[in-house]
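I have placed the structure first, in the form of structure tokens, so that the comments after it can refer back to it.
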Amino acid sequence: MAVFRVFALVVLVNYGSAVLQHSEQSSQANHLRASAKHPQTQGEPDFSVTQEVLQNDGDASYTITVTVGGQQLQAIPDTGSFDLLVFGSFCKTGCGPVGKLYNQSKSSSFQKGTVSTMHQFGSGDAWSSESYDEVISGAVKAESQVFWQVYSADMPILALGDFQAILGLGPPDSSLKMALEDAAQVEKEVKYLLAAGGVITEAQKKIANNYIQLAEHAKTARSIAADFDLRSYSICLGRASGSPGALVWHDVAPESRPVNMFRTIEMQDDMFWSAKLEYVALGSMRTSSGIEKRTPLGCGQRPCKAIVDSGTSLIVAPREALWQVEDALQKWRALSGNCTDLSTLPNLEFMMGGMPFSLPPHSYVGDISGNWDELDPKLRGYLPHVDRQIMALKAGSSEDSQAYDSCTPLIMVMDDDGSQEQQWILGMPFFRHYYTTFTLGQGETPWRRTAKSMSFARADSECRPTWADQLLEQGQTSSPEQRMKIDVAKIRVPQWVTKKRAAILDDPESLRIVGQP
């Protein structure tokens with residue numbers, strides 16, 4: 001998903017100087033609701049495992065019902081972002097149907113904050129102000145939870161009105177880490193400007209003063225994880241197209257499960273739920289020229305990292321890996337002739353955190369629908385193979401902007417940012433096959449949590465963890481009902497596929513942060 005980022009400036013500007021301060025779905029949904037006791041350790045409070053249904057929206061996003069100030073909203077649980085973002089009814093532009101949005105005037109527990117900020121997504125930008133209200137999800141509750149209430153947005157996906165909140169479930173401590181990282185960037189900007197004999201304008205001072213407050217806010221704000229008193233949570237998505245998923249609060253600790261049910265990767269000091277990626281490849285497959293060996297897709301000569309992100313619709317890969325998959329798919333089609341049966345395609349295999357994983361063909365090949373011409377040009381850029389496909393059709397006899405190939409790689413691209421480490425994003429397709437538990441540790445203060453570990457088990461067809469002595473797919477076939485049918489208008493893109501803005505102080509979008517309602 002899309003992650004959003006609070007640009008916290010820790011720069012004090014004073015008289016030109018700068019100082020850095022630091023149906024089938026409903027029947028399966030009934031099965032997914034559950035309650036059990038969480039294993040206690042001595043001295044800890046008693047928790048109950050609470051399982052919430054994740055409603056499927058076009059195989060491109062999933063939502064749970066959350067209650068904010070007594071109002072029910074659909075929220076996207078996003079392990080790639082860190083805070084609660086709520087779209088308010090007083091939003092001036094771009095937040096979707098007003099009748100579905102949060103209305104602070106209808107809440108007796110609403111409190112207004114003092115700072116505002118901008119959030120950047122791969123799908124667009126949003127401007128919001130600090131707010132407080134009661135937040136409830138199932139059996140978990142926060143009486144005065146801080147969140148960001150959006151008052152302006154440039155996100156075409158919101159016009160569909162399918163969700164009104166984003167529930168950030170990334171490592172909670174990362175908000176502060178990112179604030180300090182952005183502060184370092186702004187410090188460089190200010191020093192460079194002054195060294196060049198420049199003058200800090202009144203507009204830049206105004207932006208800087210607001211970011212000073214944001215830095216202080218990031219130091220003391222209580223995350224959802226803290227206010228829900230979370231030690232762990234799990235996510236699993238149904239395998240069949242259109243099926244729901246499950247979000248489990250206070251899930252049973254993997255070490256308390258039967259032996260060998262889960263495999264655990266301890267987290268390193270990182271911003272996201274991520275792990276080292278040792279290799280990625282397509283398995284062996286039959287083509288017109290015979291049996292081809294495994295096709296490497298990267299991470300052999302260059303360090304790689306995999307980010308496990310429940311808020312991203314598809315797998316995200318380097319551009320060259322996409323074209324390798326496209327080439328392999330064309331070779332396979334030359335032999336099979338069509339994409340009716342995906343079972344003879346190879347699995348997508350990878351080694352993450354020293355453990356082998358694999359995803360079946362329907363995780364990375366499927367159907368795409370929707371009007372391509374009406375899609376945001378930015379989003380079309382993340383799917384260059386689809387864009388090329390539509391352009392080729394138009395250059396021929398077809399003018400149909402919805403005439404997609406029935407056999408399309410369900411992969412978005414991430415351009416190389418020049419860093420030493422290459423990134424892959426394991427989005428929703430990963431959660432359709434792996435029941436994933438995220439375990440939190442105690443941070444430096446009582447209201448902070450840190451990322452401790454990720455644990456994985458094979459998920460069965462009803463989103464339950466199963467015995468997983470091996471995490472590889474073994475003889476799995478891709479049945480027609482498992483084939484994903486993705487609506488392009490609903491695809492959610494993570495923030496980090498876009499390049500970070502070059503300058504904060506000179507960014508005209510920063511001016512929209514101040515002067516909020």
Side-chain angles (χ1 to χ4, degrees), residues 24 56 58-60 236-243 245 280-297 312-317 321-350 356-370 383-386 388-390 402-413 424-434 458-463 470-488 490-491:
E24 175 181 328
N56 186 327
D59 291 336
C236 175
L237 303 179
R239 292 192 178 188
S241 178
S243 62
V280 186
L282 288 179
S284 301
M285 69 174 181
R286 183 181 296 278
T287 67
S288 57
S289 58
I291 299 294
E292 290 201 359
K293 295 181 179 180
R294 176 186 293 163
T295 304
L297 299 178
T312 296
S313 298
L314 308 176
I315 293 170
V316 182
L322 166 64
W323 296 126
Q324 287 178 286
V325 172
E326 177 90 335
D327 181 63
L329 189 57
Q330 294 306 316
K331 291 179 180 178
W332 173 80
R333 292 187 69 179
L335 181 66
S336 65
N338 62 69
C339 282
T340 304
D341 181 9
L342 301 180
S343 63
T344 59
L345 274 170
N347 288 343
L348 179 65
E349 302 173 354
F350 51 98
F357 293 79
S358 71
L359 295 173
H362 59 264
S363 295
Y364 67 90
V365 177
D367 299 327
I368 288 181
S369 63
L383 298 163
H385 55 306
V386 181
R388 185 172 69 175
Q389 178 188 122
I390 293 294
Q402 301 187 57
Y404 298 98
D405 192 320
S406 63
C407 195
T408 302
L410 300 180
I411 297 175
M412 292 186 287
V413 299
W424 286 66
I425 299 173
L426 303 177
M428 296 172 193
F430 182 82
F431 292 91
R432 294 188 182 110
H433 297 272
Y434 292 99
R458 271 282 166 204
D460 68 12
S461 60
E462 295 184 327
C463 262
Q470 290 196 17
L471 295 173
L472 289 172
E473 288 280 352
Q474 299 293 337
Q476 164 104 10
T477 60
S478 291
S479 60
E481 64 270 16
Q482 291 176 324
R483 189 189 189 102
M484 295 297 109
K485 301 172 179 62
I486 307 295
D487 183 343
V488 291
K490 297 181 178 182
I491 289 177

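In this structure a side-chain-to-backbone donor-acceptor pair under 3.5 Å is present from Asp59 to Lys485. Between the side chain of Gln324 and the backbone N or O of Pro296, at least one donor-acceptor pair lies under 3.5 Å. Arg239 contributes a side-chain N or O that, together with a main-chain N or O of Ala459, makes up a donor-acceptor pair within less than 3.5 Å.
In this structure, Met412 and Ile491 approach most closely via the heavy-atom pair SD-CG2, 3.8 Å. Nearest heavy-atom pair, Gly245 versus Cys463, reported as atom, atom and distance to 0.1 Å: CA-SG, 4.4 Å. In this structure, His385 and Pro409 approach most closely via the heavy-atom pair NE2-O, 2.8 Å. The minimum heavy-atom distance linking Trp323 with Arg388 is given by the pair CZ3-NH2, 3.1 Å. The two atoms that bring Pro361 and Pro346 nearest to each other are CG-O, 3.8 Å, heavy atoms only. What you find for Leu345 and Tyr364 is that their closest heavy atoms are CB-OH, 4.0 Å.
Between Lys490 and Ser313, the closest side-chain pair of non-hydrogen atoms is not below 4.5 Å. You'll find the side chain of Val488 stays beyond 4.5 Å of the side chain of Val386, heavy atoms only. Side chains of Thr295 and Asp327 form no contact here, defined as non-hydrogen atoms less than 4.5 Å apart. Proximity of Gln389 to Glu326: side-chain heavy atoms (C-beta onward) are nowhere separated by under 4.5 Å. Within the 4.5 Å cutoff, no side-chain heavy atoms of Asn56 are placed close to those of Met428.
With rounding to the nearest 0.5 angstrom, the CG atom of Leu297 is 10.0 Å from the CD atom of Glu349. Rounded to the nearest 0.5 angstrom, Ile315 CD1 and Leu426 CG are separated by 6.5 Å. In this structure, Met484 CE and Leu314 CG are separated by 11.0 Å, a value rounded to the nearest 0.5 Å. If you take OG on Ser241 and NE2 on His362, they are separated by 10.5 Å, rounding to the nearest 0.5 Å. Put simply, CZ on Phe431 and OG1 on Thr312 are 9.0 Å apart, with the number rounded to the nearest 0.5 Å. Expressed to the nearest 0.5 Å, how far CG of Asp367 lies from CD1 of Ile486 amounts to 9.0 Å.
For the side chain to side chain contact (heavy atoms under 4.5 Å, CB included) with Leu322, the qualifying choice from Leu383, Val413, Val316 is Val413, the only one to do so. Each of Val365, Val325, Ile368 was compared with Leu410 under the side chain to side chain contact (heavy atoms under 4.5 Å, CB included) criterion, and only Ile368 meets it.
Ring-plane geometry between Phe357 and Phe350 is classed as parallel, the angle between the planes falling under 30 degrees on a 0 to 90 degree scale with a further cut at 60.
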